[in-house]
2 protein chains.
Amino acid sequence: MGFELDNRKKRILQAVIKDYITTAEPVGSRTIARKYGLGVSPATIRNEMADLEEMGFLEQPHTSAGRIPSERGYRYYVDCLMQKEELSFDEEDLIQREYRSKIDDVGQVIHVTGQLLSQLTSYTAVVQKPKIGFSSFKNIQLLEMDKQRAMLVAVMDNGIVQHRMIEVPGSITGNDLAAISAVLNAKLSGFTMESIKNTLIKEIYIELAHYRRTIDLVLDVLRYSLASDNDDKIYLGGLFNILNQPEFQNVEKLKTLMGLLEQEDLLSNLMVADPSNSGVTVRIGGEISYQGMQDCSMVMAIYGVKGQPIGSLGVLGPTRMDYSKVISVVEYMTRKLSFALENLFKGLVDKEVKF
Amino acid sequence: MGFELDNRKKRILQAVIKDYITTAEPVGSRTIARKYGLGVSPATIRNEMADLEEMGFLEQPHTSAGRIPSERGYRYYVDCLMQKEELSFDEEDLIQREYRSKIDDVGQVIHVTGQLLSQLTSYTAVVQKPKIGFSSFKNIQLLEMDKQRAMLVAVMDNGIVQHRMIEVPGSITGNDLAAISAVLNAKLSGFTMESIKNTLIKEIYIELAHYRRTIDLVLDVLRYSLASDNDDKIYLGGLFNILNQPEFQNVEKLKTLMGLLEQEDLLSNLMVADPSNSGVTVRIGGEISYQGMQDCSMVMAIYGVKGQPIGSLGVLGPTRMDYSKVISVVEYMTRKLSFALENLFKGLVDKEVKF
DNA sequence: GTTAGCACTCCCATATATTGAGTGCTAACA
DNA sequence: TGTTAGCACTCAATATATGGGAGTGCTAAC
């Protein structure tokens, strides 16, 4: 692949795509000849473009218009033609500054990352929150709120803090809660949500036989409720950037797209990147198989800690997207995010890493 | 007020407004005569409408069009003509069901409230998160994360849980942190953020003389950082409902409005309801003095606990809004939200209530 | 293989009817 | 004096031509 086209065709295809990305208008042969000096006349370019169309790389909106890239064209561009664009000094500086102050909390880190992704690309950022299943308990506290209720607070090693109010029998005192907390901490800390073994749970039951009902509730909340509260949550940034895209000046289109973006589960599915591809995954137009997203492309990557993937992030924009720019930004930000999260782990003794 | 118009004029004005609210089209004299049987001919209605226009209650988009309500017209309608519309059984039932499961956490309650507000009105919901300054500390924990850092977790009496990672000197151990937590709890619990007195702080310093630097940091975070993290935060629900309003089919308008809604501080200002008005505040068109929101109206109310206001909620929609419906919903939901928060307080001993 | 030339296509912007809902005014009527 | 039928008038919105222009494909010459 990359060899089916001769050099001149490649250069012309590249020119068409670049021009279309910036102008959003069909590109004619004259434009190519003028703006991108290939040393040939418009007529020659016309012939080449006709060939490219026949091969499926270009399309014509109507007979007497210029050409626009087809999805296949974009795909070829992304795979073979495009060259990565480095981030400017100003951009790197901006990222540095934004991150500097906000690296102490997972929520903040995700937020900043989304902001930057959208700001730097002018498209919409989609950032999956880190799956909590992969983090391990650092500290569990059961705190008295009133006679009937206690606040369960779980601090994870990566700085995620989850909490949930639970009902407890009126007979349980603050001291009871402290005792329960102590046992839970002793038994569970260091373990991930998913790796809580039955043997562990049995031990807990034995030590806290008195509080069976409360323990049941707490363990249920810890295992199911808290994880599902956090997992598959998605942060959307720069949603309104869509409004600047000429392809979404039509309110009807906007409505369908917004309707889709409202559904978190759908976005979660969308964000399942190809893990075999260690770098950036690009989905172009119809490669996203959702009704109403055919005009969109998605550039995404998986972030993680210690080689272990814990979420993904991406940028959603029109098919006519500045892939070169976006891919660089996504790549860079993925590294940044992974690094920031890595920092939240720093100082922790090594823990079991499973893939 | 309410007496400047004779009965027939009132009925005609009301008819025009009701019709315009549902159709979004200028209303003609024939329509009024046909749809709202007043027992007079279109010609008579025309005369009356001309009068109403002269008095400033109606406007004409152009000479040969029907009439639309002016802002003054809407104002008169809201103040004198409109009758409240009760919620249907189905609606009350929906609210009941939604609230049932999600009343254990302030965040959830706010979320559900916003969802319902937007769903029931088809406009955009704006819900201020409860000011944390009014809640008091229930429990403060300083938990070891690694050698350099600790997680500060503050549980408030109304169920708000805040946390923040802080740097601590490497010399401080887990036991030190526990000791600090114990003192902080003993001294601060029961007090609101705002009412932490200097005498208290002195006492803390005396008891924890060893940890001066850490204490400084913790108190700073408690007093300034955590509160500002939460206060003036705003939950927006049903943002996309705007897309269904005919007045926002124009993408340019959408862009300005969305741009405004992006700015939380601006929304906070907007949400300052008139506290003298114990019930619902209605801001119509130009009464909202922000460039770009002239076509919008806002219906809002203050919610609170034990007579003490802790935030406000509202609905933002086009000036051509179903005021009758929206006002009922806002009123109802304000009660619901206050009640739900009240529940989060239940069981607590009475605390100082200041206004 | 490349290019100038040219007829052809089709969108788009502009100008030009046509329509129709709605008005204001007048004059007749109760 | 208030109400109403009648009618000419207005003006946005919708269709209907019209011309210009950008761009093409094809042909023939280089």
Side-chain angles (χ1 to χ4, degrees), chain A residues 5-13 15-20 22-70 73 246-247 249-251, chain B residues 5-13 15-20 22-70 73 246-247 249-250 320:
Chain A
L5 295 182
D6 66 48
N7 224 357
R8 191 167 69 189
K9 282 202 174 56
K10 281 186 193 172
R11 292 184 63 190
I12 289 174
L13 179 55
V16 171
I17 295 180
K18 275 193 176 173
D19 205 80
Y20 186 63
T22 58
T23 64
E25 298 287 335
V27 188
S29 52
R30 262 180 72 82
T31 314
I32 302 284
R34 250 189 300 116
K35 288 214 275 188
Y36 307 80
L38 299 190
V40 287
S41 78
T44 309
I45 294 175
R46 275 204 289 284
N47 290 330
E48 295 286 48
M49 292 209 297
D51 290 352
L52 284 167
E53 181 170 1
E54 206 173 353
M55 293 185 227
F57 293 106
L58 293 179
E59 294 175 348
Q60 226 174 351
H62 58 264
T63 338
S64 69
R67 301 305 205 295
I68 63 174
S70 68
E247 27 272 281
Q249 293 309 84
N250 174 344
V251 178
Chain B
L5 295 182
D6 67 48
N7 222 358
R8 193 168 66 188
K9 281 201 174 58
K10 281 186 191 171
R11 292 183 62 191
I12 290 174
L13 179 55
V16 171
I17 294 181
K18 275 193 174 171
D19 205 79
Y20 186 64
T22 58
T23 64
E25 297 288 331
V27 188
S29 52
R30 261 180 71 84
T31 313
I32 302 285
R34 249 188 301 116
K35 288 214 275 188
Y36 307 80
L38 301 190
V40 288
S41 78
T44 311
I45 294 174
R46 274 204 290 284
N47 289 331
E48 296 286 48
M49 293 209 298
D51 289 353
L52 285 166
E53 181 171 2
E54 206 172 354
M55 294 186 229
F57 294 105
L58 294 178
E59 293 175 350
Q60 229 175 347
H62 58 264
T63 337
S64 69
R67 300 309 206 291
I68 62 174
S70 67
E247 26 273 280
Q249 292 309 82
N250 174 344
R320 178 192 60 77

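Order of the sequence lines sets the chain letters (A, B, ...), proteins ahead of strands, with each chain counted from 1.
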Without decimals, in angstroms, what is the distance between A:Arg30 CZ and D:dT24 P? 11 Å
note: A:Arg34, atom CZ; D:dA22, atom P; distance rounded to Å ~ 10 Å
Taking for each residue the nucleotide of DNA chain D bearing the nearest heavy atom, is the 5' side occupied by B:His62 or by B:Ala43? B:Ala43
Measure NZ/B:Lys35 against C1'/C:dA21 and give the value in whole Å, please. 15 Å
How many Å lie between CG on A:Asp51 and P on D:dG25, as a whole number? 10 Å
Just how far, in rounded Å, is P of D:dT24 from CD of A:Glu25? 14 Å
Where the side chain of A:Thr63 is defined as all heavy atoms beyond and including C-beta, which of C:dC10, D:dA5, D:dT3 is the nearest nucleotide? C:dC10
Between B:Gly66 and A:Pro61, who's closer to the 5' end of DNA chain C by nearest nucleotide? A:Pro61
Roughly, in whole Å, what's the span from CE in A:Met49 to P in D:dT24? 4 Å
On DNA chain D, compare the nucleotides closest to B:Val40 and B:Ser64; which residue's is nearer the 5' end? B:Val40
Does D:dA29 have a Watson-Crick or wobble partner in any strand here, with both distances under 3.5 angstrom, and which is it? C:dT2
Any strand is fair game: report the nucleotide pairing with D:dA17 by Watson-Crick or G-U wobble, both distances under 3.5 Å, or none. C:dT14
When B:Leu58 is tested against each of B:Ile12, B:Ile68, B:Leu13, B:Asp51 for side-chain contact (heavy atoms from CB on, under 4.5 Å), which residue passes? B:Leu13
Which atom names give the shortest non-hydrogen contact between B:Val40 and B:Arg8, and what distance separates them? CG1-NH1, 3.8 Å
Evaluate A:Ile32 against A:Ser29 for side chain to side chain contact (heavy atoms under 4.5 Å, CB included), listing each step before the verdict. CA-CA 5 Å; A:Ile32 302 284; A:Ser29 52; 5.7 Å; no
